Structure formats: structure tokens, C-alpha cells
Asks: 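Here's a structure for you.
Quick caveat: nothing in here was measured; it's all calculated off a predicted structure.
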Amino acid sequence: MVTDRPEGTVAVRLTEVEAYSGEGEDPASHAHRGPTPRAAIMFGPPGRLYVYFSYGVHWCANVVVGPAGRGSAVLLRAGEVVVGEDLAAVRRPSARVARDLARGPARLTAALGIGPDDGGADVLDPSSSVRLHAGAPPAAVSAGPRVGISRATELPWRFWETGAASVSAFRPGGKPRRRPAGQTGTS
DNA sequence: TTTAGGATGTACT
DNA sequence: GTACATCCTAAAA
């Protein structure tokens, strides 16, 4: 994922995403109720950017997938900044460590500088300021329940790179407990 | 260190 | 009016 801005370029390698289906089988999706004005972009052609405003202060970005009219999208949940880390750090002053620059959907969107103006942008268009590049697939990918929703939590439609330090902190059934002994978050 | 509460646009009841 | 695909700040232990 790359964004070109007057102030610079930021590239992020996505490490965590969530799938949302609009086919009515997924009550957690914004598209579940149909093409509302906010979710209309999800029903458009694939490769478009669906940006929505959440909780009044955060923007989250999705990439529309599947045929037009289906309403399916992939939420970009987390990633690691590989280019323009300095600029990303400026955009995310609250991020104290590099790992937190894009850990979380709103943080990822902010680190990339994606805003409402980018809604509907074609991420496959080379001339677009927001582009999606295909990279080498990770060695291992894990799947599990989605985070931050209250419906259809059983669907294991969250996918992340196994062992990635930038994935969202998921609390299975309660407290996050400290860092598991085997996994080190730092290098 | 962990827990609680607040901000605020859009959609649904 | 309430809930939400969230994150940040403040307070307590």
C-alpha cells in the first residue's frame, strides 16, 4: 500500500486484514443493509477505496473486492511502514514506537495520510495517489475471529501474517495477559 | 501496569 | 436516542 503526497511518500506492507462480505451473510458488514450512501462505494467496481468515518475521529480504509454490486470489501487492519517512516511518525505523534505507526485500522489509515478525499480512489490506477501493490506473500498466514465487532464474531475472516509484530492486540475471552513467553515483540 | 471513559459521523430503532 | 469494523487520555493499583 503506497500513498503519494506533497509532503512525501509512505509505503506500508499490510500484515493484517479482515474480510467483509456484503451478501447478507455478514451482519457485521456496513454493506449488509444495502448500498447506503456511506457504503455505496462498496457496491461499485473492485479495486476502489472505501473510506469510512468511525467514532467521529478515525478514518478506516477498505479495498473493494469481488464483482461490482456485491458489496464485499477487505478492511486494512494493520501493517508495517517500510517507506517514509519519518513522515508516518509525524502523522502519528502518539505512536511511540515504529510498530504502532500502523497497528490498527485507523492508525494505518492515518499513517498513510488517507482521508475522505481518497474515498472511491482506484488503488489499481498507477496515476492515483493511493495505490495497492502486490507483494510477496508472507511465509505463513493465520486466520481467526474479527476484532471490534459484536456480530458474526465466529467467522474467522481476519487474516494476519503469522508472527507479525504489527497485528492488532486481540484479547481472546478477556484480558490480554502479558506478552506470551515465547513471542518477543521486540527484535 | 491495567481499567475506565470520552470523542463524534453515519445508520438503524 | 443508541450502537458502531476505534483510538487516545486520564486515573488507579
Asks: Rounding to an integer number of Å, can you tell me how far A:Tyr50 OH sits from B:dT10 P?
Replies: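 Nearest whole value for this atom pair: 11 Å.
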Asks: If you assign A:Arg107 and A:Ile149 each to the DNA chain C nucleotide with the nearest heavy atom, which residue ends up on the more 5' nucleotide?
Replies: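 Going by which nucleotide is closer to the 5' end, it is A:Ile149.
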Asks: Given the rule in the side chain to side chain contact (heavy atoms under 4.5 Å, CB included) test, do A:Val17 and A:Phe159 qualify, once you have shown the distances and angles that lead to the verdict?
Replies: CA-CA 5 Å; A:Val17 297; A:Phe159 305 92; 4.3 Å; yes
Asks: Can you tell me how far apart OG1 (A:Thr109) and CZ (A:Phe53) are? Round to the nearest 0.5 Å.
Replies: 11.5 Å
Asks: Report which part of the nucleic acid A:Ala28 touches: base, sugar-phosphate, or nothing (heavy-atom distance under 4.0 Å, all strands).
Replies: base
Asks: Ring of A:Tyr20 versus six-membered ring of C:dA5: centres under 5.5 Å and planes under 30°?
Replies: yes
Asks: In Å, rounded to the nearest 0.5 Å, how long is the span from CG of A:Asp26 to CD1 of A:Ile149?
Replies: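 It comes to 7.0 Å.
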Asks: A:Leu76 CG to C:dC7 P: how many Å, rounded?
Replies: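 In whole Å, C:dC7 P lies 13 Å from A:Leu76 CG.
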Asks: In residues 29-44 of chain A, which ones come under 4.0 Å of DNA chain C, going by heavy atoms?
Replies: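 When residues 29-44 of chain A is checked for heavy atoms under 4.0 Å from DNA chain C, the hits, listed by number, are A:His30, A:Met42.
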Asks: To which residues is A:Val83 joined in a hydrophobic cluster, defined by side-chain heavy-atom contacts under 4.5 Å among Ile, Leu, Val, Met, Phe, Trp and Tyr, whether direct or through other members?
Replies: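 Other cluster members: A:Val82.
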Asks: C:dC7 P sits how many Å from A:Leu101 CG, rounded?
Replies: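 After rounding, the gap between these two atoms is 13 Å.
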Asks: Going by side-chain contact (heavy atoms from CB on, under 4.5 Å), name the residues that satisfy it together with A:Thr9, two or more places apart in sequence or in a different chain.
Replies: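 Listed in chain order: A:Val2, A:Asp4.
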Asks: Would you tabulate the nitrogen or oxygen pairs shorter than 3.5 Å linking the protein to nucleotides 9-11 of chain C?
Replies:
none

Asks: Please list, one pair per line, the donor and acceptor atoms closer than 3.5 Å that link side chains of residues 86-96 of chain A to other protein atoms, with sequence neighbours excluded.
Replies:
| residue | atom | partner | partner atom | Å |
| --- | --- | --- | --- | --- |
| A:Arg91 | NH1 | A:Ala111 | O | 3.0 |
| A:Arg91 | NH1 | A:Leu112 | O | 3.4 |
| A:Arg91 | NH2 | A:Glu7 | OE2 | 3.1 |

Asks: Any side-chain hydrogen bond (donor to acceptor under 3.5 Å, both in side chains) pairs touching residues 32-43 of chain A, not counting sequence neighbours?
Replies: none
Asks: Show each protein N/O and nucleotides 4-8 of chain B N/O combination with a separation under 3.5 Å, one pair to a line.
Replies:
| residue | atom | partner | partner atom | Å |
| --- | --- | --- | --- | --- |
| B:dT8 | O2 | A:Tyr55 | O | 2.8 |
| B:dT8 | O2 | A:Gly56 | N | 3.1 |

Asks: In whole angstroms, how far is the P atom of C:dC4 from the CG atom of A:Leu75?
Replies: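 From A:Leu75 CG to C:dC4 P: 17 Å.
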Asks: To the nearest Å, how far apart are A:Arg92 CZ and C:dT6 P?
Replies: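 Computing the A:Arg92:CZ to C:dT6:P distance gives 16 Å.
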Asks: Do A:Pro105 and A:Glu18 have side-chain heavy atoms sitting under 4.5 Å apart?
Replies: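 Heavy-atom side-chain distance check fails, nothing below 4.5 Å.
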Asks: Tell me the interatomic distance from A:Arg77, atom CZ, to C:dT6, atom C1', rounded to whole angstroms.
Replies: 9 Å
Asks: Dot-bracket, DNA chain C: Watson-Crick or G-U, under 3.5 angstrom, [ ] crossing, | other strand?
Replies: ||||.|||||||.
Asks: Got a sec, which residues hit side-chain contact (heavy atoms from CB on, under 4.5 Å) with A:Val130, two or more places apart in sequence or on another chain?
Replies: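 Partners of A:Val130 under the side-chain contact (heavy atoms from CB on, under 4.5 Å) test: A:Met1, A:Thr3, A:Arg5, A:Leu49, A:Ile114, A:Asp118, A:Val123, A:Ser128.
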Asks: Hey, does A:Leu101 have a side-chain heavy atom less than 4.5 Å from the side chain of A:Val12?
Replies: no
Asks: Can you tell me how far P of C:dA5 sits from CG of A:Leu108, to the nearest Å?
Replies: 18 Å
Asks: Show every side-chain hydrogen bond (donor to acceptor under 3.5 Å, both in side chains) that has at least one partner inside residues 49-61 of chain A, sequence neighbours left out.
Replies: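 The answer is A:His30-A:Tyr50.
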Asks: Suppose we screen for salt bridge (charged side-chain N to carboxylate O under 4.0 Å, His left out). Which residues come up paired with A:Asp125, at least two apart in sequence or across chains?
Replies: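 With sequence neighbours excluded, A:Asp125 shows a salt bridge (charged side-chain N to carboxylate O under 4.0 Å, His left out) to no residue whatsoever.
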Asks: Please give, in whole Å, the distance from C:dC7 C1' to A:Arg99 CZ?
Replies: 16 Å
Asks: Check A:Arg146, A:Arg77, A:Arg103 against A:Glu16 for a salt bridge (Lys or Arg N to Asp or Glu O under 4.0 Å) and give me the one that passes.
Replies: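 The residue from A:Arg146, A:Arg77, A:Arg103 that satisfies salt bridge (Lys or Arg N to Asp or Glu O under 4.0 Å) with A:Glu16 turns out to be A:Arg77.
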Asks: Please list, chain by chain and in numerical order, all residues satisfying salt bridge (charged side-chain N to carboxylate O under 4.0 Å, His left out) with A:Asp122, sequence neighbours excluded.
Replies: none
Asks: Report yes if a side-chain nitrogen or oxygen of A:Thr109 is closer than 4.0 Å to either non-bridging phosphate oxygen (OP1 or OP2) of C:dT6; otherwise report no.
Replies: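 A:Thr109 to C:dT6 OP1/OP2: no side-chain N or O under 4.0 Å.
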Asks: Which whole number of Å gives the distance between the P atom of B:dA7 and that of C:dG1?
Replies: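 Going atom to atom, P in each nucleotide, I get 16 Å.
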